[in-house]
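For clarity, every value in this text was computed on a predicted model and none was experimentally measured.
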Amino acid sequence: MARTTKKLKQRCLIAAAILLLLGFGTDIFRLFYIQVIKGDEYKTKAEAQQLSDTEISADRGIIYDCNYNVLAESASAWLVYVNPSKIKDDAQRKLISETLAKILKLKEKRIYEKISNSDYSYVKIEGKVEYTEKTLISDFIDDNDLYDIVNIDPDTKRYYPYSNFASTILGFTGAEDSGRAGLELEYNDKLTGVAGRIITAKNARNGAMSSNFETTYDAKQGTSLVLTLDKTIQYYLEKGLAQAVVDNDATSAYGIVMEVETGAILAMATMPDYDLNTPTVINDKEILKELDKIKDEEEYDLAYNNKIYSMWRNKAVSDTYEPGSVFKIFVAAAALEEGLVTPDYCFSCSGSVKVADNVLHCHKDGGHGRQTLSEGLMNSCNPFFVNIGQKLGSKNFYKYFDAFGFTGETDVDLPGEATPVKDVTYHSLENMGISQLSSSSFGQTFQVSAIQMITGVSAIANGGNLMQPYIVGAMLDEDGNTVFEAEPIVKRSVISETTSKEVLKMMEKVVSEGTGKNAYVPGYHVAGKTGTSEKLTVDGEYIASFVGCAPADDPKIAVLIVIDEPQGYVHGGGAIAAPVAGAVIEQTLKYMNIDPVYSNEELAQLNGITPDVNSMNVEKAKATLKNQGFTARVVGDGETVISQYPLKGQNIPLDGVVILYTEKETSNKTATVPDLKGLSISSANERAVNAGFNLKISGASLDSEVVSYRQSIDSGTQAEMGTTITVYFKTNQGVED
C-alpha cells in the first residue's frame, strides 16, 4: 500500500512538472516569438502609438532667369489636418466641418465625411494654405478649445511672381508639389528637396507631450536652376506674339530667340498663355463661350480638359508645322556646299514648273523671269528652288536634311519635344521620288518643329556648327554654390564658314530688298527668310513664319516667329510674321548694347536731342528749335518760355514738335491722340505734329510703299502735348512668299 502511494505521488509530481513545463514553456516561447521573431514589427507599432511623426515639406529649388530674377520659388504655407479620434461628439464634428469649409472654400459635406469615417489620428483637410486662412483657423482653434483636434503644420507653396510670364517654359507643380509641366516636370528630381521631420512623444491619452520630447530634422531645399532665358528679351518676344495673335485673329503664335554661337535659349513663348498660379483656370473669353455651348456634363468636362492641356502645350517644342519658303535657305546652303551652284547661278522662272503629273506654281503670276540664286531667294521663287532641289538630287537633299537636324530630336532640356517620324513628318530617302524632292525643296509636304528650325538656322548663322539647344545654364545648391554649369555642345559641322557667309549675304538681301523687308531694322543688318505654307492637317488654313539673325555680318541672335492659322486676306510670313521678328530683333540688339551702324538714308530719319530753350524769349526759342530741325508750338500768351516739353536732352524725331509754355496755368496741357494708322510716313508725321505730338518710326521705314498699322498710344487717348508716339510701318507690296 505504501509502495502504491509512493508511485502515485511520483506520477503526480511528474504530471505537475509536465504541466508546469508546458505552461511556462508556452509563455517562454510566446515571449521569444514576440521579442525576437516579431520584435521589429511590434517595436514599430509601439513607436507609432508612442510617437507622432510629422513631415516637414522641403522647399523646391528656385528658378531664376540668367540675371537671377526669380521666376519660380517656394514660400511658407500651412497644412491643416484633423484628429477624428479626439472629436467629442457630432455637434463638434459639424462645427469643425462647417468652419473649415467656409475658411478654406471647400465642400462642408466632404470634410464631414472624411472626419466621420476614420479611426486614424490624422486626416488631411488641405495643404498649401495661405497665411490669412491659417490665421483664421488658428483663431477658430483658440476660440473653441480644439487643440490636438484641429492642427496646423508648416507646408510650402509654389509661387510664380510674374503669373503668365514664360508659362509654357516654367510649367507648374501639382498638389503634392511635384512638377506637372515645363521645367518643373523636366527637372523635378533636381528641384525637389528632402523633406524634414518633427518627431514628438505622445502621452497615454494620445496627446502631444512637451517640447523636451520633440526631435526636429530640418528639410533640405532642392537644387535651384539658373536659366539662359533673359527676362527682358522674353518680355519683348511675348509682347510681340500676343499682339500678332490679336492683329491677325490667329489661333496661336509662338517663337524663339536663340544665341547662335552656343544654342542657349534667350526667350521662348507660346501665345495665348496661362497663369501659372492658377493653371487649371481658363481665362480666354472666346474659349469659355465655346465651352458654354456644351450642355452634356461629361462632354463639357472632356472638352474643358482638352482645352487645358492645349493651353499648357509648349508649341515651340511639341508641335510641328510646314516650314514653307523658310526652308529654301537650307536648300541653297546644301547646293552651295556641294559646289553645284554659286550665288550668281541663273534660272528663268516662267511662273510654273511641271513635275511628274503635277504643275507647281510660283506665287507671282507670269513668274520672275531670269534670276540669280541670290535673287531667287530674295523673291522666294518656288520653281527656282525646285530646280535647285533637282540638281541636288534625293541623296544629297536627304544628307543635308539629316545633317541640319530635321530627322531627329534636338535634345533640348524641355519636356514633350516632338519626335520626327520617317515617312510621316518627313520623307525618307527610300521614298523620296521626284515629286517629294521637288515639293520639299520649297518647304512643303513635310513638317519640322520650331526648335529644330531655329537650331538649323543658327548653324547657318554661326559658321556651320549645329548646336544642341539648352535653357538651363547652371544649377545651385541650397547655399548658392554652383554644382553644375552648362557647356555648349557642338553636335556636328554641317556647312563651311564660306557657305555660311554666302547664305547670310543672300538672306540679308531678302530683308533689305525682298520678301522680308518688313523685318528691316534701321542701323542693323538683318538676315532672314519668310515662309507661308498651307497646313497639311487643316484645309484652307496657313502657317506664316519668319526666321532671321542679326547682325548679318556677325550674328549674335536668331529669331523665329510662327503665326498659326491667321485670318484675313493678308496671311503671308512676309506681311505678318516679319514685322514681329523685326521688332523683337531691334529691341533685343539694343538691350544687348550692340551699337547700330546707320546709312546716310537712315541718319535722315534719326531722332535729335531737344535743346534747352527755357527762359528764352519766345521768338529766340522758336529760331533755336528751327535751326536744329524741330518745330515749335507755343501755348499761352506770354513772351518768355517758362517750361518746355519734351524736356531738354530728350530724343525726338527730326521735324518733331517741342511745346513751349509761356504761362503757368497752361503747363502740361494735354491733347487728343489722333488716329495714325493707314498712313504713309510723311502723312502720319504731319498729322502727329499738327496735333502736338512727336512721331517715332518703327519698321520698314525705307520702303516707299509702307503704311502704318499700329501705334503705341491708342487714338482718342488724352496725352501730354509733345509726347512721342511710336508708329509701326509695314508694306504688303513685294512680300509674297
Side-chain angles (χ1 to χ4, degrees), residues 40-60 74-131 133-158 173-178 192-220:
D40 290 341
E41 180 182 337
Y42 285 113
K43 180 182 178 184
T44 301
K45 289 182 177 181
E47 288 177 349
Q49 293 176 346
Q50 297 163 7
L51 300 174
S52 170
D53 187 353
T54 304
E55 183 178 286
I56 304 173
S57 298
D59 285 352
R60 286 174 72 82
S74 295
S76 294
W78 286 267
L79 183 147
V80 179
Y81 67 97
V82 170
N83 183 347
S85 66
K86 293 290 188 108
I87 296 176
K88 297 175 182 177
D89 51 36
D90 195 55
Q92 192 177 60
R93 187 176 291 108
K94 286 181 178 178
L95 173 66
I96 292 169
S97 301
E98 179 184 348
T99 306
L100 293 183
K102 184 177 180 180
I103 295 173
L104 298 173
K105 296 180 175 58
L106 299 174
K107 291 183 178 180
E108 179 183 344
K109 182 180 178 182
R110 186 179 176 191
I111 296 176
Y112 182 83
E113 288 175 351
K114 286 176 74 172
I115 63 177
S116 297
N117 303 322
S118 175
D119 296 327
Y120 293 102
S121 59
Y122 176 95
V123 172
K124 178 181 174 180
I125 303 300
E126 185 75 336
K128 306 184 187 306
V129 173
E130 301 279 1
Y131 178 78
E133 288 76 18
K134 176 254 186 185
T135 303
L136 292 173
I137 294 171
S138 294
D139 292 342
F140 169 62
I141 294 170
D142 292 340
D143 295 343
N144 295 276
D145 194 21
L146 295 173
Y147 305 104
D148 290 337
I149 299 175
V150 178
N151 303 277
I152 303 174
D153 279 346
D155 196 8
T156 60
K157 184 174 182 178
R158 198 66 162 167
T173 58
E176 300 303 320
D177 213 28
S178 60
T192 301
V194 178
R197 314 200 81 79
I198 300 175
I199 300 175
T200 306
K202 295 192 292 186
N203 58 31
R205 295 183 178 181
N206 208 30
M209 297 175 68
S210 72
S211 58
N212 293 329
F213 298 91
E214 181 177 282
T215 302
T216 301
Y217 299 92
D218 292 332
K220 183 179 179 182

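- We find the NZ-OG1 distance between Lys157 and Thr173 to be 9.5 Å, quoted to the nearest 0.5 Å.
- Between the Gln92 side chain and the Lys88 main chain, a donor and an acceptor come within less than 3.5 Å of each other.
- Between Ile137 and the options Val150, Asp142, Thr99, a side chain to side chain contact (heavy atoms under 4.5 Å, CB included) holds for only Val150.
- When all heavy atoms of Phe140 and Ile96 are compared, the pair lying nearest together is CZ-CA, 4.0 Å.
- Considering all non-hydrogen atoms of both residues, Glu108 and Lys94 come closest at OE2-O, 4.3 Å.
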After noting the C-alpha distance and the side-chain angles of Ile103 and Val80, does the key distance pass the side chain to side chain contact (heavy atoms under 4.5 Å, CB included) rule? CA-CA 11 Å; Ile103 295 173; Val80 179; over 6 Å; no

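- Note that CG of Asp139 is 10.5 Å distant from CG of Asn144, once rounded to the nearest 0.5 Å.
- Checking side-chain atoms of Lys86 against main-chain N and O of Leu146 turns up no donor-acceptor pair under 3.5 Å.
- In plain terms, the two heavy atoms of Asn151 and Asp148 that are nearest each other are OD1-CA, 3.5 Å.
- Between Arg60 and Thr192, the closest side-chain pair of non-hydrogen atoms falls below 4.5 Å.
- Taking each heavy atom of Lys128 and Gly174 in turn, the nearest pair found is CE-O, 3.9 Å.
- Side-chain atoms of Asp90 and Tyr112, non-hydrogen and from C-beta on, do get closer than 4.5 Å to each other.
- Inter-residue side-chain proximity for Val82 and Ile87 is flagged as met; some heavy-atom pair is nearer than 4.5 Å.
- Counting heavy atoms from C-beta outward, Ile115 and Ile125 have side chains that approach closer than 4.5 Å.
- Partners of Tyr131 under the side chain to side chain donor-acceptor pair (under 3.5 Å) rule, at least two apart in sequence or in another chain, do not exist in this structure.
- Taking the side chain as every heavy atom from C-beta outward, Leu100 and Glu126 never approach each other to under 4.5 Å.
- A distance of 13.5 Å separates CZ of Arg93 from CD1 of Ile111, quoted to the nearest 0.5 Å.
- For Lys114 against Lys124, the heavy-atom pair with the smallest separation is NZ-O, 2.7 Å.
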